[in-house]
Amino acid sequence: MNDTKFESQAIFRHEFVVPHSAIDRNGHVNNVFYIQWMQDVAIRHSDATGGTAAMQSVGCTWVVRSHQIEYMSPAFAGNEIAIITWVVNLRRVRSLRRYKFVWLSDGRLLARGETDWVFINSSGRPRAIPESIRTSFPLMPDYE
């Protein structure tokens with residue numbers, strides 16, 4: 001992953017070339033890589049907005065409750081794609097984040113997904129999301 005851009009403070013975009021290491025025996029990107037890329041871009045977005053520092057200052061972290069991915073088209077080694085991510089909501093202890101994978105060449109949708117994150121304390125118990133975290137992530141509930 002090599003190029004990162006903000007489309008706005010709320011919408012984070014990361015562009016990269018699909019590496020050969022992501023290709024499975026079917027000749028296209030293995031689904032496990034999409035999940036890894038979703039997690040990686042969420043962390044990059046959090047780092048860029050100050051969310052990671054705010055999270056660390058309260059001694060907490062995020063864990064995944066669930067992932068969902070819908071594939072529209074396969075990707076192959078050497079393809080140039082972008083992952084776009086945004087936070088849809090911040091509830092008491094959970095947050096929904098969405099992702100779009102698009103072709104750089106024409107912006108066509110390759111895949112879309114979402115992750116339901118849970119905010120937990122150092123003992124692994126859910127904790128109410130503090131205001132310092134909430135202000136790090138402007139919400140985009142209707143962005144598609």
Side-chain angles (χ1 to χ4, degrees), residues 1-26 28-77 79-104 107-144:
M1 299 183 134
N2 56 14
D3 188 24
T4 302
K5 300 176 182 177
F6 271 102
E7 291 186 354
S8 76
Q9 186 64 17
I11 302 165
F12 188 81
R13 178 183 178 102
H14 182 72
E15 299 175 358
F16 66 103
V17 176
V18 174
H20 289 281
S21 61
I23 305 306
D24 64 17
R25 68 169 61 176
N26 295 319
H28 56 72
V29 173
N30 186 290
N31 62 317
V32 172
F33 281 87
Y34 286 92
I35 293 170
Q36 183 66 58
W37 293 335
M38 288 164 60
Q39 180 173 305
D40 291 348
V41 77
I43 291 168
R44 286 175 182 260
H45 185 200
S46 184
D47 289 348
T49 64
T52 302
M55 174 190 70
Q56 291 169 342
S57 74
V58 295
C60 294
T61 193
W62 293 98
V63 295
V64 172
R65 183 171 185 264
S66 65
H67 286 298
Q68 179 182 338
I69 305 172
E70 181 180 10
Y71 305 98
M72 281 38 168
S73 178
F76 304 96
N79 288 162
E80 296 177 335
I81 64 175
I83 306 171
I84 302 163
T85 188
W86 64 97
V87 176
V88 174
N89 63 40
L90 289 161
R91 292 163 286 174
R92 191 171 105 60
V93 300
R94 292 172 39 198
S95 177
L96 184 66
R97 175 182 287 276
R98 291 203 173 123
Y99 313 83
K100 287 195 318 186
F101 293 80
V102 297
W103 300 105
L104 285 185
R108 220 171 9 103
L109 186 62
L110 167 66
R112 65 176 154 227
E114 63 182 38
T115 302
D116 188 13
W117 294 91
V118 179
F119 197 66
I120 63 168
N121 63 21
S122 59
S123 64
R125 303 205 35 97
R127 177 185 171 187
I129 301 167
E131 191 61 25
S132 61
I133 304 293
R134 292 179 178 281
T135 58
S136 298
F137 299 105
L139 302 181
M140 292 296 294
D142 297 327
Y143 180 77
E144 288 298 325

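Values below: all heavy atoms of this structure, side chains included; hydrogens, waters and symmetry mates excluded.
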Distance from Tyr99 atom OH to Glu114 atom CD, nearest 0.5 Å?
-> 9.5 Å
Compare all side-chain heavy atoms of Arg94 with those of Asn89 and state whether any distance is below 4.5 angstrom.
-> no
Side chain to side chain donor-acceptor pair (under 3.5 Å) against Ser122, all qualifying residues, sequence neighbours excluded | none
Validation row: Ile83, Met38 side chains within 4.5 angstrom (heavy atoms) = no
Quick one: are Trp103 and Asn79 in side-chain contact, heavy atoms under 4.5 Å?
-> yes
Shortest non-hydrogen separation from Val102 to Ile84 and the atoms involved | CG2-CD1, 4.1 Å
List the atom pairs, donor and acceptor, that lie under 3.5 Å between side-chain atoms in residues 56-66 and the rest of the protein, sequence neighbours left out.
from, atom 1, to, atom 2, distance (Å)
Ser57, OG, Ala54, O, 2.8
Arg65, NH1, Asp116, OD2, 3.2

Give a yes or no answer on whether the side chain of Thr85 reaches the backbone of Phe12 with a donor-acceptor pair at less than 3.5 Å.
-> no
Which value, rounded to the nearest 0.5 Å, describes the distance between Ile35 atom CD1 and Asp40 atom CG?
-> 12.0 Å
Heavy-atom nearest pair, Ser95 first then Leu90, reads OG-CD2, 3.4 Å
Does the side chain of Ile23 reach to within under 4.5 Å of the side chain of Val18, using non-hydrogen atoms?
-> yes
Indicate the atoms forming the closest heavy-atom contact of Leu110 with Ser73, along with that distance.
-> CD1-O, 2.7 Å
At what distance, to the nearest 0.5 angstrom, does NE2 of His20 lie from CZ of Phe76?
-> 13.0 Å
Once you round to the nearest 0.5 Å, how far does CD1 of Ile69 lie from OG1 of Thr115?
-> 7.5 Å
Test side chain to side chain contact (heavy atoms under 4.5 Å, CB included) applied to Asn31 and Tyr71, step by step = CA-CA 9 Å; Asn31 62 317; Tyr71 305 98; 3.1 Å; yes
With side chains defined as the heavy atoms from C-beta onward, is the minimum distance between Pro19 and Phe33 less than 4.5 Å?
-> no
Taking atom CZ of Phe101 and atom NE2 of His14, what is their separation to the nearest 0.5 Å?
-> 10.5 Å
Compare every heavy atom of Ser123 with every heavy atom of Asn121, then report the nearest pair and how far apart it is.
-> OD1-OG, 2.8 Å
For His45 and Ala10, work out which heavy atoms get closest and say how close.
-> CE1-O, 3.5 Å
Quick one: side chain to side chain donor-acceptor pair (under 3.5 Å) pairs with a partner in residues 130-141, sequence neighbours left out?
-> none
Looking only at heavy atoms, what is the nearest atom pair of Phe137 and Ser46, with distance?
-> CZ-OG, 3.5 Å
Measuring from Gln39:CD to Arg44:CZ, what's the distance to the nearest 0.5 Å?
-> 12.5 Å
Could you tell me if the ring centre of Trp37 sits under 6.0 Å from that of Phe16?
-> yes
Side chains of Arg97 and Val87: closer than 4.5 Å at any heavy-atom pair?
-> yes
